[in-house]
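Quick note: residue numbers are just sequence positions, from 1. Atoms within a ligand are numbered from 1 in the order they appear, just like the ligands themselves.
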Amino acid sequence: MVNYRKRKRESSADASRDRVVIHSCSHSFITIKLKSFHTHVNKHTQMHSITTSPAFFKTAPSSSSFLSSFSGKRGGVSRRFRMESPTRVESSFSASSSSSSSSSSDYDMLQAMCEAVQLCAKLTSKTQKLLETSDQVSKSDDSPVTVADYAAQAVVSYVLEQKYPDVALLAEEDAKALRGGSKEAQGLLEKITEITNDCVFGDDVSEYLSREEVARLIDRGNHEGGSESTFFVLDPIDGTKGFINQRQYAIALGLCEKGKVVGGVLGCPNMPMTKIPENVDALETEKPGVIFAAYENFGCKYAAMDAKEPLGKDSFIATSDQFVKCGKDGARYMESWGDSIVADHAFTNALSEKVGITRKALRIDSQAKYGSLSRGDAHIYLRFPPKTYREKVWDHAAGAIIVSESGGVISDAAGVPLEFGKGRFLDINGGIVASSTPELHEQLLKAIADLR
Ligand code: AMP
Ligand code: MG
């Protein structure tokens, strides 16, 4: 059990590490450029900087044939990953010098975001298990789902505040309904406080937060966003319907700076670590799940949800499939289930037919779809809500950077990049499309324009 209150101020030491930049993509190779820069190592949590060690370029789990080989030395380097088939990757290494350096905070921040998401996943996994045998499965006032939503937000808010008290939080939930003073509201807050304390402090009751403190932690998420400040963006349980129905869901945490998403962590507590099999139209649930993490100009990595070092030796590089095309056995697209307001299966059917996709749609709840795209399980994410629907920043911030840092492309249906600096909502034209490659993306946008 992690006791955040008892943590001392982090001691730190400089250590050099490498920055991964998707440098260029073509059909024959992707070059990833690593720039050496400096960061602090958090000795207390034993979190080490990302290095050029072979572990950083660890191959994907056994059932995937993602292979990488490694040679080289510390410092600015350039890596070329030669793709031999859509699922097989070999990397060769050629050294070149780079002297770029950056401030220490970005890696530490991503690390703190991973910690918050991993802790939160323990809470949500426990609650989802309870739901299996519970009758109270609607998102009404005192259902376990509501309690889990609020408590998950309180846990993430707590961890982030301990480490970054000056960075604001923009999150889906607020504690208004919990402050009403009614018996129901008090009972609900009591339950949320209990679950939050259990998750963060375990049996150490001397550290327990009061109900008022928990409500304040939830309300820290009231930030209005915009393009001026730096803030975290959180959806504590994205894909509530998936959560209720024992399917996929995600804990989605982004970091915005000056209106731009610069970091993202996506916890998918039910996602298999292995690639989605070819001939399925839904994703099996499997523990412990997967955590994805991306930072601007750094790349995207993924690891088992319970990994000790999800950015370090326990992680794998996420690379979207850069060779995929439409046609027989080619691109596979993902969409929401039919119980989602953002699903338009008639339109996605028509679109896939128009571009020549022959494979069946893969239906996955939540931003887990962005994670699947980032590691090449599937290649397209199509989302077409009704015209009156307004997309929220917390439903896409983490996923958007995870897609772009793995080499994919994301925009609205008119090809305009998503703008995260306009407040709590996104202004989008006709839907959201994410694709493994720029070519695929262009093809889809053209087909959408033709169909409309
Ligand atoms: P997905 O799992 O792909 O359906 O996306 C989940 C997100 O879409 C949720 O977190 C909601 O923000 C939004 N969403 C889906 N269905 C609805 C609905 N019926 N009403 C409001 N928002 C919805
Ligand atoms: Mg959501």
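- Taking the charged nitrogens against the carboxylate oxygens, Arg179 and Asp219 do have a contact shorter than 4.0 Å, which makes a salt bridge.
- Comment: Glu439 does not engage Lys325 in a salt bridge, judged by the lack of any side-chain N to carboxylate O separation of less than 4.0 angstrom.
- Taking every heavy atom of Tyr389 and a limit of under 4.0 angstrom, the matching atoms of ligand 1 come to 8 (O), 11 (C), 12 (O), 13 (C), 14 (N), 22 (N).
- Ligand 1 has Lys241 within reach: a non-hydrogen atom of the residue lies less than 4.0 Å from it.
- Using modelled atom types and a 3.5 Å distance limit, the side chains of Ser229 and His223 yield a donor-acceptor pair.
- Contact analysis leaves Trp337 out of contact with ligand 1, as no non-hydrogen atom separation drops below 4.0 angstrom.
- Residue contacts with ligand 1 do not include Gly242, since none of its heavy atoms lies under 4.0 Å from the ligand.
- For atom 1 (P) of ligand 1, the closest heavy atom belonging to the protein is Ser336 OG, 3.5 Å.
- No side-chain donor from either of Ser320 and His379 sits under 3.5 Å from a side-chain acceptor of the other.
- Using modelled atom types and a 3.5 Å distance limit, the side chains of His396 and Glu391 yield a donor-acceptor pair.
- Looking only at heavy atoms of the protein, atom 5 (O) of ligand 1 is closest to Arg383 NH1, 3.2 Å.
- Using a 4.0 Å heavy-atom cutoff, Gln248 is absent from the residues neighbouring ligand 1.
- Remark: Asp450 CG is packed, more than 12 non-hydrogen atoms of other residues, nucleotides or ligands lying under 6.0 Å away.
- Protein N/O/S atoms nearer than 2.8 Å to the Mg ion (ligand 2) total 3.
- Checking each of Arg247, Gln248, Lys241 against Asp365 for a side chain to side chain donor-acceptor pair (under 3.5 Å) leaves exactly one that passes, namely Arg247.
- With ligand atoms numbered from 1 in the order given, ligand 1 contributes 2 (O) to contacts under 4.0 Å with heavy atoms of Asp365.
- Annotation for Gln186: atom CD counts as buried by contact number, over 12 foreign heavy atoms lying within 6.0 Å.
- For Glu335, the closest heavy-atom approach to ligand 1 does not fall below 4.0 Å.
- Under a cutoff of 6.0 Å and an axis angle of 45°, Arg220 and Tyr158 do not form a cation-pi pair.
- Side-chain contact check for Asp412 and Asn429: at least one donor-acceptor pair (N or O, by modelled atom type) lies under 3.5 Å.
- When atom types are taken as modelled, the side chain of Gln128 and the backbone of Ile244 share no donor-acceptor pair closer than 3.5 angstrom.
- If you number the atoms of ligand 1 from 1 as listed, the ones under 4.0 Å from a heavy atom of Gly239 come out as 10 (O).
- Considering backbone and side-chain N/O of Lys392, none are found under 3.5 Å from N/O of ligand 1.
- Of the protein's non-hydrogen atoms, the one nearest atom 2 (O) of ligand 1 is Ser366 N, 2.6 Å.
- A salt bridge links Asp198 with Lys126; the closest basic N to acidic carboxylate O contact falls under 4.0 Å.
- Residue Asp238 places at least one N or O, backbone or side chain, under 3.5 Å from an N or O of ligand 1.
- For atom 15 (C) of ligand 1, the closest heavy atom belonging to the protein is Ser340 OG, 3.2 Å.
- Side chains of Gln322 and Thr437: no donor on one and acceptor on the other come within 3.5 Å.
- Considering backbone and side-chain atoms alike, Lys369 places an N or O below 3.5 Å from some N or O of ligand 1.
- The pair Arg216-Glu161 meets the salt-bridge criterion, with a side-chain N (NZ, NE, NH1 or NH2) lying under 4.0 Å from an Asp/Glu carboxylate O.
- Nearest non-hydrogen protein atom to atom 11 (C) of ligand 1 is Asp395 OD2, 3.7 Å.
- Summarising the contacts of atom 20 (N) of ligand 1 with Ile341, Thr240, Asp235, the nearest heavy atom is found in Ile341.
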